[in-house]
Peer 1: 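Got a structure for you, questions after.
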Amino acid sequence: DVWQRTKLPCFVWDAFCSYQSTYRRRTYMKEKDLLQETAAYALQSALKKGASAARVTAIRDESDGLTVLNNTLEQIQSAVESVLQIHVFADGRYGTCSTNKTETAGIDRLLDQTMASVKLLAPDSYRKLVPETIRYNGPPLQNAFTGKVSTRQKKELLFTCAEAVYGKDPALINVSAHVEDTRRWLHMIDSAGLDCAADETWYSLSAECSVKGSDGTRPFDWDYIGGLSPAALGIGITDNNHTIPQACAATALQRALAKRNPQKIKSGRYHVVVENRAASTLLAPVIDALSGPSLQQQNSFLLNKLEQRVGSSVLTLIDNPHNRELPGYSFFDTEGTATKKRTVIDQGILHVFYLNTYYSAKMNMPCTISSPSTLILTGGNGSMLSLAGNMHNGLVITGFNGGNCNSATGDFSYGIEGFLVKNGQITTPVNEMVMTGNMTELWNQLVMAGDDALTTSSWLIPSLLFEHVELAGL
């Protein structure tokens, strides 16, 4: 990488990165203005070339990352990407195109090709712009950190993280730490008057440790922290809080060490606690089954289940997009439909399908929104440890290793790893087991939920306790 190749002295490298940061901030403003102008031009050009309606989305993504392996700066990454997504509606037909070019001549050529292609398509009367009654009409979403984080602070954070465990335990093989910050700016307009924008940042730190296990195995595990500002990582205005990155690495090492010398257990039905950071794997097939494409193509195990029971009374799922402090905070979806708080599942009863304008028209159902914003499984109490204590005997699942779920039937099979629980205490690590069943049946076997959801994901799912889950082992 650049650091290893150049061997620049620290003060030279920091000066260069400081200049680069300032240059990028200025470039960001110029690029944003240029993208807005190009989006407006593309919209008008599409209409002049025969489109009856059009929508244009301009997106600019920036990311910077550093990685430390043990006690060495291993990698430096930096990326900037801009794109225009153009949707055209013409003579009852619909087509899309995208480009990273901002020259008007290039936009015109692309639209000429797109309009010619759209005319060859079959009519699709269900494709329309978002109606005025449900489209977003408000101020831009501003959820971006506007301060400055120096490269020196990032490096200090990373080395503080890695040094918290490196050389401290003879079983440790490697520790890697990665810090990354991203920024996304988006501006969406259409020919019916839609005009909305968003500017968001995210900062994250992850640590991964691999250790010596039995029979030459190398178990590993990780920890991850993140937030909308660098303060979530312990990066201050002038000084860093070392406790946060140190705890991140220490947790990763502790989890890796706990996975040594795993065993297999007998096949059978067990009570299981699924840890908070693994629980989203079980929710993902449910959300997919609620999506317009799956429902309209009759490839959903929740088809025709609206206002019916799909889980136990413990299952209440809220989509709340307007909590500024959480990932998934949004004012509008990918079409410009305004978001609002929705109760997706209330005590096991399904109330919401995720339908954009197209799929709602095809299914003759009300338009909701294209996809989830911030999902929160509510009403629980306790942590993974307290749920394990309530379970008394069973298994704690800390991760899923491969597997799949049939979207049409809900039948699933997942490889798992975790720990055996005896008399309420977490004991032996287990792996090479398979969890099988049906999604609808599984969620009806949910008997308890915690309140320990992680705030580093837009799906805030706590630890979950299920009863009578089929596990295949010995």
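Counting from 1, the numbers follow the sequence of the chain as shown.
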Peer 1: Is it true that the NZ or CZ of Lys259 lies under 6.0 Å from the centre of Phe220's six-membered ring and within 45 degrees of the ring axis?
Peer 2: yes
Peer 1: Under 4.5 Å between any side-chain heavy atoms of Pro245 and Leu233, yes or no?
Peer 2: no
Peer 1: State, with a plain yes or no, whether a side-chain heavy atom of Leu295 is found less than 4.5 Å away from one of Met363.
Peer 2: yes
Peer 1: Could you tell me if Gln85 and Thr96 have a donor-acceptor pair between their side chains, going purely by distance under 3.5 Å?
Peer 2: no
Peer 1: Evaluate side-chain hydrogen bond (donor to acceptor under 3.5 Å, both in side chains) for Glu335 paired with His87, printing each intermediate quantity in order.
Peer 2: CA-CA 10 Å; Glu335 293 185 309; His87 305 253; over 6 Å; no
Peer 1: Evaluate salt bridge (charged side-chain N to carboxylate O under 4.0 Å, His left out) for Asp319 paired with Arg342, printing each intermediate quantity in order.
Peer 2: CA-CA 5 Å; Asp319 192 339; Arg342 291 180 170 88; over 6 Å; no
Peer 1: Is Gln254 atom CD crowded by more than 12 heavy atoms from other residues, nucleotides or ligands, each under 6.0 Å away?
Peer 2: no
Peer 1: Without placing hydrogens or testing angles, list every side-chain donor-acceptor pair under 3.5 Å for residues 168-178, not counting sequence neighbours.
Peer 2:
{"from": "Lys168", "atom 1": "NZ", "to": "Glu163", "atom 2": "O", "distance (Å)": "2.8"}
{"from": "Asp169", "atom 1": "OD1", "to": "Ala171", "atom 2": "N", "distance (Å)": "2.8"}
{"from": "Asn174", "atom 1": "OD1", "to": "Asn70", "atom 2": "ND2", "distance (Å)": "2.9"}
{"from": "His178", "atom 1": "ND1", "to": "Leu66", "atom 2": "O", "distance (Å)": "3.1"}
{"from": "His178", "atom 1": "ND1", "to": "Thr67", "atom 2": "OG1", "distance (Å)": "2.7"}

Peer 1: Just checking Gln425: does its CD atom have more than 12 heavy atoms from other residues, nucleotides or ligands closer to it than 6.0 angstrom?
Peer 2: no
Peer 1: Below 4.5 Å, heavy atoms only, C-beta onward: do Asp181 and Thr201 meet side chain to side chain?
Peer 2: no
Peer 1: Write down the atom of Thr374, the atom of Tyr329, and the distance for their closest heavy-atom approach.
Peer 2: OG1-N, 3.6 Å
Peer 1: Crowded around Glu307 CD? As in, over 12 foreign heavy atoms under 6.0 Å?
Peer 2: yes
Peer 1: Less than 4.5 Å apart, side chain to side chain, heavy atoms only: is that true for His322 and Arg324?
Peer 2: no
Peer 1: Testing the basics here: between Cys161 and Ala249, what is the closest heavy-atom pair and its distance to 0.1 Å?
Peer 2: O-CB, 3.0 Å
Peer 1: Under a 4.5 Å cut-off applied to non-hydrogen side-chain atoms, are Pro262 and Glu417 in contact?
Peer 2: no
Peer 1: For Asp195, check side-chain hydrogen bond (donor to acceptor under 3.5 Å, both in side chains) against everything at least two apart and list the hits.
Peer 2: His187
Peer 1: Just by distance, with hydrogens left out, do Asn438 and Asp411 show a side-chain donor and acceptor under 3.5 Å apart?
Peer 2: yes
Peer 1: Taking only residues two or more places apart in sequence, or in another chain, which ones meet Asn390 in a side-chain hydrogen bond (donor to acceptor under 3.5 Å, both in side chains)?
Peer 2: none
Peer 1: Got a salt bridge between Asp190 and Arg55, using NZ or NE/NH1/NH2 to carboxylate O under 4.0 Å?
Peer 2: no
Peer 1: Angle class for the Phe400/Tyr414 ring planes (parallel below 30°, perpendicular above 60°, tilted otherwise)?
Peer 2: perpendicular
Peer 1: Check whether any side-chain heavy atom of Tyr358 sits under 4.5 Å from a side-chain heavy atom of Lys128, and report yes or no.
Peer 2: no
Peer 1: Evaluate side chain to side chain contact (heavy atoms under 4.5 Å, CB included) for Leu283 paired with Trp459, printing each intermediate quantity in order.
Peer 2: CA-CA 9 Å; Leu283 184 65; Trp459 291 13; 4.0 Å; yes
Peer 1: Yes or no on salt bridge (charged side-chain N to carboxylate O under 4.0 Å, His left out) for Glu62 and Arg60, after CA distance, side-chain angles and deciding distance?
Peer 2: CA-CA 7 Å; Glu62 295 183 5; Arg60 178 178 170 85; 3.1 Å; yes
Peer 1: Establish, for the pair Arg277 and Trp222, whether the NZ or CZ atom is under 6.0 angstrom from the six-membered ring centre and no further than 45 degrees off its axis.
Peer 2: yes
Peer 1: Starting at CE of Met448, measure out to CG of Leu464 and round the result to the nearest 0.5 Å.
Peer 2: 11.5 Å
Peer 1: Which heavy atom in Val286 sits nearest to a heavy atom in Leu282, and how many Å separate them?
Peer 2: CG2-O, 4.1 Å
Peer 1: Answer with yes or no whether the side chains of Ser294 and Ser407 bring together a donor and an acceptor at under 3.5 Å.
Peer 2: no
Peer 1: Quiz question: by atom type and distance under 3.5 Å, do the side chains of Ser463 and Asp452 form a donor-acceptor pair?
Peer 2: yes
Peer 1: Provide the closest heavy-atom pair for Leu141 versus Ser330 in the form atom of the first, atom of the second, distance.
Peer 2: CD1-CA, 3.5 Å
Peer 1: Under the criterion salt bridge (charged side-chain N to carboxylate O under 4.0 Å, His left out), I'd like the reasoning laid out for Lys264 against Glu432: C-alpha separation, chi angles, the key distance, then a yes or no.
Peer 2: CA-CA 7 Å; Lys264 295 182 183 179; Glu432 296 185 10; 3.1 Å; yes
Peer 1: Does Arg218, at its CZ atom, have more than 12 non-hydrogen atoms belonging to other residues, nucleotides or ligands within less than 6.0 Å?
Peer 2: no
Peer 1: Can you name the closest pair of heavy atoms from His351 and Thr343 and give their distance?
Peer 2: CB-O, 3.5 Å
Peer 1: Give a yes or no on whether a salt bridge exists between Arg183 and Asp199, defined as a side-chain N under 4.0 angstrom from a carboxylate O.
Peer 2: yes
Peer 1: Looking at Leu302 and Thr440, what are the two nearest heavy atoms and their distance?
Peer 2: CD2-OG1, 4.4 Å
